[in-house]
Structures are given as C-alpha cells and as structure tokens.
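Both backbone and side-chain heavy atoms feed into the values below; hydrogens, waters and symmetry mates do not.
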Amino acid sequence: MRTLTRAAAAVAALVAGVVVAPTATATAAPAPATPVPVAWHTCPADALPTTMPPGERTKYSCADYNVPLDHDRPRLGTISIAMLRRAADSPTHRIGSLFLNPGGPGGSGFALPTVASRIVQPAVLDRFDIIGFDPRGIGRSTTLRCFATAEDAAAVNAKIAAVPYTRKEIRDTIEGTREYGQYCDRFAGPLLAHMSTQDVARDLDLMRAGVGDDKLNYLGFSYGTLLGATYVNLFPQRSRAIVLDGNVDPALRTSDGSEYDHQRTAGFEISLDAFLKECDKAGPLCAYSGGARAKFDESREYLKTHGPVKLSDGTEVTYGLFVSATGSILYSRPELPDLARLLQELYDIIHPSLAPHPALLAPGQAASLLSGNTRLDNPDSPYTGDDSYAAVNCSDKPFHNKLTDVPRTADRWDREMPTYGRHGAWGDQALCAEWPVFADRYAGPWDRKTPNPVLVFSNYNDPATRYQFGQRMAAELGNSRLVSVDAFGHCILGDSTCTDRIAADYLVNLKVPAPGQVCAPDLPVFPKP
C-alpha cells in the first residue's frame, strides 16, 4: 500500500478516536425516533441552475437536516443530509411531499426536483412538494471520502482495470482493489460502518416526519428501489404511495452478492442481444444492421487479441473500454442509435478492405459516448469525490469469496457471458472481498403489507436491473402491483406517457392499474427520420 499523504494521515488521526462497533443484522422495525422539523432556508447560489427564471427560483428552498450517525446509538453524534424542496404548484390542494432517489448507490438526488417536470406529470407537481436529497455519505451531505487528495485516489484507481484480462492487469487490479479498501479503513472514519441502505431508510423516515408528513410518498429509481423496499418493510404503516422503477431483487441482493451480480451481468447480455436483434430488424434505420451479432462478437474478440483501435476522431478503443462503454450506453434508449453508429465505425476500421460508410459520427461524438471511463487528470487537487458506492454495496451485499478467487470466477463467467462476464465478475465481488467493516444491514423479511400496493415498473430489456428482478420485487413485497414495459434502457418514467399517467394517478389518487398492464415507450429504439 502507498504511504498516506500528510493530509490523509492528519485526518485519519482526527477520526481515530471515534470507535463504532457493528451490530447484528436487524430484522425488527426500528423504534420511532423523535422527529425534528426541517428548517428550510434560501438555497445557496450554486444549488439551482443559473438558467432558471427568477420566478421559478422562488419555488425552491434548501435544508441541512441532522440525523444520527448511528440510529441505535444517537449519542455518537450526527451527520448532515442536504435537502432541496420544490413547492407544490397548487398549495391549497397539496397532498404532501414526494421524496425522490436516483439510485446508484452513490447517486446525488439533491437536484432532482429541478428536473422533476421531466420525470412526473403536472398533476404530481401541482399536489406535492418535490424533495430531493443526497443520502448519507454523498455530495452535499456529510461525505464519505477514502482519500484526502486526488493524487492518492488517482494512484490507486490507475491500477484497477475496468476489465482485467492480462496477467499484469489482474495483478495490478488485485493490488489496487486491496489498497482501496485499506485507504477506506484508515481514512473514512466512523461513517464507513453506517452506510447501509437500512441507515438511509431510517434517515428517510426522519425526513418524512421532519417535513410534517404522516406517511411517505416516494419515487425511487434503480438502487433507489432497494431503498424503497427497505423502507416499506421497516415502516409499512408509514408508507402511503411508493413507486419503484428499474428494480433490484432485494432478497437475492441482500443474501448472496455473488449470485446477484452473476444474474445482473446476465441481464446486460440479454439486453445487448435484444438490441442487436432490434438493429437487424430495423434495417437501414440502424447503422449497424446486417449481421449485427456476428459483427459485434468479431469486434470484441479483435480488440481482446489485437489491442486498441483508433476511431476517426482519434479516440482509442481498448477491449476494456469497449465492454464497459457499450454496457453503459445500453442504459439509455435515446443513445442506442448512436451506439449503432459507433459500432459500425469501429467495424469499418477493423475491416479497411470493406467500403467504409460515410461519416457516421459527428466530430467528438465518439469521445462523448465513451467518456464514462475517464479518470482524474489533476492529481494535485484536493479529493472532492466520494466513496459511497463501495460503502453501500459492501454493506448490503454479502460476499464469501476471497479477492484472489476472482480471476477464476472471471474466467468462468467470461465463458458463460462472453461480453460482460469478466467485467461483472470484477465488480463488487472483488471490491467487497476484503472490505474493512461489517455494517448493520436489513436483509428481510420483504413481505410486510403496506396499506396501499407498492407500484413496480420494469422494462423487458433493462440491462442493469433485468425484468426478472422486477417480477421478483413485486412477488417478494407483501402488497404490490407490477407494470411491465416493452422497452429498452434502464428505468422508464419520463420516457413513456403510459407509465407516467399510471404513476400520476397512483400518487395523486392512489389508483392502482389492473393486473397484467403492459406499457410501451413513446419512441421506438430506431425512430424514422
């Protein structure tokens, strides 16, 4: 492990005096805490978009809400949760507050109310205050950081390959992953042991009471569905209207992290195959049509065995970037036509003897599509990121493997799932194998009955939270209704008038759709010009 910088060592010394002992997994509902009213104030200048009209800005207010670091031992002190509220457009008809969570884990939800009109219908904006918040450890809230400087973070992250393949990449990734956990152990402080979804759900219940609502109204995306499921099982009678979009399988995720990640990785393979088939079906509307599956597999294997390929704008595509970037783009239905153009350009360059297509991508477009894999480029700046993703997942998902077991698992998954298997095996399974703390987490039961059904949306071709996970979420909850969506991409609200109307009617009127409801997105994957 690299020596900690002076700044890192100094902060580590400051937090070393606080000792937090983990407790056993909780199954009983927590005792109610005494709510403290949220003190709203004018938002700081950087909290709202600069383009927002002055009249619109008056609808927003902010708060820094204190919650216990350890809900079971409040005397250990408090941490701060950053909140942003958009006031209801029709306050005389206001029902209550609607809390939003964007997923991640580690996603900042603070600014979500500023884009709520893209997610929910006007009827919801009329009747609810929309509340976004950064969960503990994230963004504007008390932040979990494993590093003091970008130099330390960059040095560790540079060792970790997105898809370790060569012996050196595997060796370096094991070393970097181990160092990452060691930095968190020495530097992150007592918050590290209190980052489970159960902790966030208990924060959410205090915020609900703090804004004066007797029951929770909630909309959660992706990982936010685990937060919603945890809340309704800890506090079933305090739940009014709960909407879950892009669902995890809570029972599997909290009982067997390796098998959950195995099945989740298979979801990416299913989504990719459906995309390639849809491309061929679309014909000329898809730039990659005509044997799309065979072309994709050939390009993947070429990059694995021959090394990087440069696109026309100079962007270098490695095997690891090809795998991680295509998986990321599958999240977004609107970007799938651009993915097809990117893949065709790559195929043309690999086959120079073929007649190339005319310019398929605008200048810089390839770099933009692939930019999700960029790294820190100013190693002397203070570290301003957070490490909540690892802390939450390693708190919630139990793994029983050793870090040195991962290469063999990756080989096996790679044979089974040739595009994303290796990438999936080197995710949380490696990250959490030597995680330094054991957190108090909620692992069920999941079948406690809420007064109103929980509304569950699930896309047939969601790569990150496969459709079967949505089916299982609905089956595991004690009172739910599943709406299936014949769509690509991760999550659906804001992309389908059908789902948006169902969600609005449910939130406002508590009307639940008929069983077996199937919706479609407003636009096809490859729309006509």
Side-chain angles (χ1 to χ4, degrees), residues 156-181 252-253 256-276 293-309 316-331 339 342-343 346 350 370 372-375 389-390 393-394 397 399-435 462-466 490:
V156 171
N157 289 328
K159 297 180 180 181
I160 301 173
V163 190
Y165 181 62
T166 67
R167 289 183 179 180
K168 183 178 187 307
E169 288 173 340
I170 291 171
R171 184 173 61 251
D172 289 350
T173 297
I174 289 175
E175 180 182 340
T177 301
R178 182 171 287 136
E179 287 186 6
Y180 181 82
L252 182 60
R253 185 182 178 112
D256 189 338
S258 181
E259 181 55 27
Y260 178 86
D261 285 357
H262 181 263
Q263 294 188 25
R264 181 176 184 268
T265 302
F268 281 88
E269 297 280 349
I270 293 168
S271 178
L272 171 66
D273 192 62
F275 160 71
L276 296 173
R293 176 83 255 183
K295 290 192 292 186
F296 184 93
D297 291 345
E298 183 184 346
S299 296
R300 181 194 64 231
E301 295 306 310
Y302 181 92
L303 292 168
K304 183 187 290 187
T305 58
H306 290 81
V309 168
E316 186 175 83
V317 181
T318 63
Y319 162 64
L321 182 57
F322 176 84
V323 171
S324 60
T326 56
S328 295
I329 298 170
L330 287 174
Y331 277 65
L339 173 59
L342 175 69
L343 292 171
L346 176 66
I350 292 173
L370 299 169
N373 203 43
T374 56
R375 295 192 182 276
Y389 172 87
N393 273 337
C394 296
K397 296 164 71 175
F399 292 89
H400 307 292
N401 61 282
K402 299 177 182 178
L403 180 54
T404 51
D405 294 335
V406 177
R408 290 189 296 275
T409 302
D411 287 342
R412 186 172 68 252
W413 288 18
D414 189 39
R415 290 190 294 271
E416 180 185 348
M417 300 173 285
T419 299
Y420 301 113
R422 187 173 297 278
H423 185 264
W426 278 101
D428 295 346
Q429 190 164 214
L431 185 64
C432 301
E434 297 183 8
W435 195 245
D462 188 320
T465 51
R466 56 190 293 184
H490 184 39

Review point. Quick one: CG on Leu252 to CG on Asp261, what's the gap to the nearest 0.5 Å?
Key: 9.0 Å
Revision key, fill the gap. ring-ring contact (aromatic ring centres under 6.0 Å, His included) filter on Tyr420, not counting sequence neighbours, yields Phe268
Practice item. Examine distances only and state if a side-chain atom of Ser271 and a backbone atom of Gly267 form a donor-acceptor pair shorter than 3.5 Å. Key: no
Review point. About how many Å separate CD1 of Ile350 and OG of Ser299, when rounded to the nearest 0.5 Å?
Key: 4.0 Å
Check your understanding: Can you name the residues that form a salt bridge (charged side-chain N to carboxylate O under 4.0 Å, His left out) with Lys402, not counting sequence neighbours?
Key -> none
Point to revise | With Ser258 via side-chain hydrogen bond (donor to acceptor under 3.5 Å, both in side chains) - residues at least two apart | key: Gln429
Point to revise | Set of residues satisfying side chain to side chain contact (heavy atoms under 4.5 Å, CB included) with respect to Arg167, sequence neighbours excluded | key: none
Review point. For His490 and Pro463, which heavy atoms make the closest approach, and how far apart are they?
Key: N-CD, 4.1 Å
**Study point:** Inter-residue atom distance Tyr319.OH - Glu301.CD, 0.5 Å rounding
**Key:** 7.5 Å
Review point. With sequence neighbours left out, what residues match Asn393 under side-chain hydrogen bond (donor to acceptor under 3.5 Å, both in side chains)?
Key: Arg253, Tyr389, Asp428
Review point. Looking only at heavy atoms, what is the nearest atom pair of Val156 and Gly176, with distance?
Key: CG1-O, 3.3 Å
Exercise for review: Just jot down the salt bridge (charged side-chain N to carboxylate O under 4.0 Å, His left out) partners of Arg300, sequence neighbours excluded, or say none.
Suggested key: Asp297
Check your understanding: Between atom CG of Leu339 and atom CG of Leu370, what is the distance when rounded to the nearest 0.5 Å?
Key -> 9.5 Å
Practice item. Please round to the nearest 0.5 Å and tell me the distance separating atom CD1 of Ile174 and atom CD1 of Ile160. Key: 11.5 Å
**Study point:** Smallest separation among heavy atoms of Thr265 and Gly424, with atom names
**Key:** OG1-CA, 3.5 Å
Exercise for review: Only counting residues at least two apart or in another chain, list the ones meeting side-chain hydrogen bond (donor to acceptor under 3.5 Å, both in side chains) with Glu416.
Suggested key: His262
Review point. Measuring from Thr419:OG1 to Asp273:CG, what's the distance to the nearest 0.5 Å?
Key: 9.5 Å
Exercise for review: Evaluate the side-chain proximity of Leu303 to Leu321: yes if any heavy-atom separation is below 4.5 Å, no if none is.
Suggested key: no
Practice item. With sequence neighbours left out, write down each residue that passes salt bridge (charged side-chain N to carboxylate O under 4.0 Å, His left out) with Asp414, or none if nothing qualifies. Key: Lys304, Arg422
Revision key, fill the gap. Sequence neighbours excluded, the answer for ring-ring contact (aromatic ring centres under 6.0 Å, His included) partners of His400 is none
Check your understanding: For the residue pair Ala162 and His423, what are the closest heavy atoms and their distance?
Key -> O-CD2, 3.2 Å
**Study point:** Note, Leu403 side chain near Thr177 side chain (heavy atom, < 4.5 Å)
**Key:** yes
Practice item. Only counting residues at least two apart or in another chain, list the ones meeting side-chain hydrogen bond (donor to acceptor under 3.5 Å, both in side chains) with Gln263. Key: Glu259, Arg472
Exercise for review: Tell me whether the centres of the aromatic rings in Phe296 and Phe322 are closer together than 6.0 Å.
Suggested key: yes
Point to revise | Nearest heavy atoms of Phe399 and Gly257, plus distance in Å | key: CE2-C, 3.3 Å
**Study point:** Step-by-step side chain to side chain contact (heavy atoms under 4.5 Å, CB included) determination, Val317 to Leu342
**Key:** CA-CA 11 Å; Val317 181; Leu342 175 69; 5.6 Å; no
**Study point:** Working for side chain to side chain contact (heavy atoms under 4.5 Å, CB included), residues Thr318 and Val163
**Key:** CA-CA 10 Å; Thr318 63; Val163 190; over 6 Å; no
Study note, to complete from the structure: Hits for salt bridge (charged side-chain N to carboxylate O under 4.0 Å, His left out) against Glu269, two or more places apart or cross-chain, chain-then-number order -> none
Check your understanding: What residues form a side chain to side chain contact (heavy atoms under 4.5 Å, CB included) with Glu169, not counting sequence neighbours?
Key -> Ala161, Pro164, Tyr165, Thr166
Point to revise | Step-by-step side chain to side chain contact (heavy atoms under 4.5 Å, CB included) determination, Glu179 to Asn157 | key: CA-CA 9 Å; Glu179 287 186 6; Asn157 289 328; over 6 Å; no
Exercise for review: Write down the atom of Trp435, the atom of Ala390, and the distance for their closest heavy-atom approach.
Suggested key: CH2-CB, 3.7 Å
